[in-house]
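Each remark here refers to the structure printed beneath this line.
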Amino acid sequence: MSTITDLKYLKIVLETALLTSAEALSVSALKKLFTEDVKAALINDLLAEIQQDWRGRGIELVKLASGWRFRARAEFTPYLARLTPEKPPRYSRAVMETLAIVAYRQPVTRGDIEAIRGVSVSTSVMQTLLERGWVEVIGHKDVPGRPGLYATTHKFLDDLGLVSLRDLPPLADLGTLVLPEVQPESVGETDAVPLDDEADNVIEQER
């Protein structure tokens, strides 16, 4: 594939695959489209061209943690939402605070999360994050009991439209989402709000 015509056709194949895929596609996955050995550098160059071709239109090609995908530009989301009026999932403050701690302090154990929040972390909170695919256990801490170490996933970054953890906003920008760190002896104090009582304090998340 050395002629301009061949390169144009290769570009069309990449664009078609990305437009019809429901998931982000990595460069290694895109290489599987061809029987020939298409170099990753060439695919990246063509992806950059496709991205430029779609610039300024209602749909854009973006690079996420797990690969490339087309998506509607943010300013058109209110219009598209009218086609699917169902409400996005809502999560309790406990879930979102726990997720923020994992994202900014990872890897962390459940005990680490409890020390920061000042309250116990219910099993349902961790299960929600695991089922959503936003966190995973990446190992175990070398201490008695070998508690699991939690970290965020590529899906978490994809859902936020980020390439890497370096793209997360500064923790200070989250305001009061994450509670100030407390001393271990303060865990369980009467002024701490139990997780089960936080159900009414929800934060809406986009898919």
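Nearest heavy atoms, Ala103 versus Phe156: CB-CZ, 4.0 Å.
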Can you give the donor-acceptor pairs under 3.5 Å from side chains of residues 135-152 to other protein atoms, not counting sequence neighbours?
unit_1, atom_1, unit_2, atom_2, d
His140, ND1, Arg146, O, 3.1
Thr152, OG1, Gln106, OE1, 3.3
Thr152, OG1, Gln106, NE2, 2.9

Side-chain donor-acceptor pairs under 3.5 Å in residues 37-46, sequence neighbours left out?
unit_1, atom_1, unit_2, atom_2, d
Asp37, OD2, Lys39, NZ, 3.1
Asn44, ND2, Ala40, O, 3.2

Fill in: Leu14 and Tyr9: CA distance, side-chain angles, deciding distance, side-chain contact (heavy atoms from CB on, under 4.5 Å) verdict
CA-CA 9 Å; Leu14 291 173; Tyr9 189 75; over 6 Å; no

Practice prompt. Show your reasoning for whether side-chain contact (heavy atoms from CB on, under 4.5 Å) applies to Leu61 and Gln52.
Written response: CA-CA 9 Å; Leu61 178 63; Gln52 182 62 39; over 6 Å; no

Practice prompt. Would you check, one step at a time, whether the test side-chain contact (heavy atoms from CB on, under 4.5 Å) holds for Arg73 with Ile59?
Written response: CA-CA 6 Å; Arg73 296 180 67 85; Ile59 296 175; over 6 Å; no

Worksheet item: Given Tyr79 and Arg82, is the side-chain contact (heavy atoms from CB on, under 4.5 Å) satisfied, shown in steps?
Response: CA-CA 6 Å; Tyr79 300 98; Arg82 297 183 184 122; 3.3 Å; yes

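Residue pairs that meet the side chain to side chain donor-acceptor pair (under 3.5 Å) test with at least one member in residues 16-25, sequence neighbours left out, do not exist here.
The structure places CD1 of Ile101 at 10.0 Å from CD of Glu114, a figure rounded to the nearest 0.5 Å. Rounded to the nearest 0.5 angstrom, Leu160 CG and Lys155 NZ are separated by 10.5 Å.
Shown here is Lys63, whose NZ atom has no more than 12 heavy atoms of other residues, nucleotides or ligands within 6.0 Å.
Residues Val62 and Val27 fall into different hydrophobic clusters, defined by Ile, Leu, Val, Met, Phe, Trp and Tyr side chains chained together at heavy-atom separations under 4.5 Å. Both Phe70 and Leu33 sit in one connected hydrophobic cluster of ILVMFWY residues. Membership requires side-chain heavy atoms under 4.5 Å apart, directly or through other members. Follow the hydrophobic side-chain contacts under 4.5 Å out from Leu157 and you reach Leu130 in the same cluster. Leu19 and Leu64 fall into different hydrophobic clusters, where Ile, Leu, Val, Met, Phe, Trp and Tyr residues are linked whenever their side-chain heavy atoms come under 4.5 Å apart, directly or through other members.
Residues Trp54 and Glu15 bring a donor and an acceptor atom of their side chains to less than 3.5 Å of each other.
Using a distance-only test at 3.5 Å, with no hydrogens or angles considered, a donor-acceptor pair links the side chain of Asp158 to the main chain of Ala65.
Under a 4.0 Å N-O distance rule, the pair Glu60/Arg55 does not qualify as a salt bridge.
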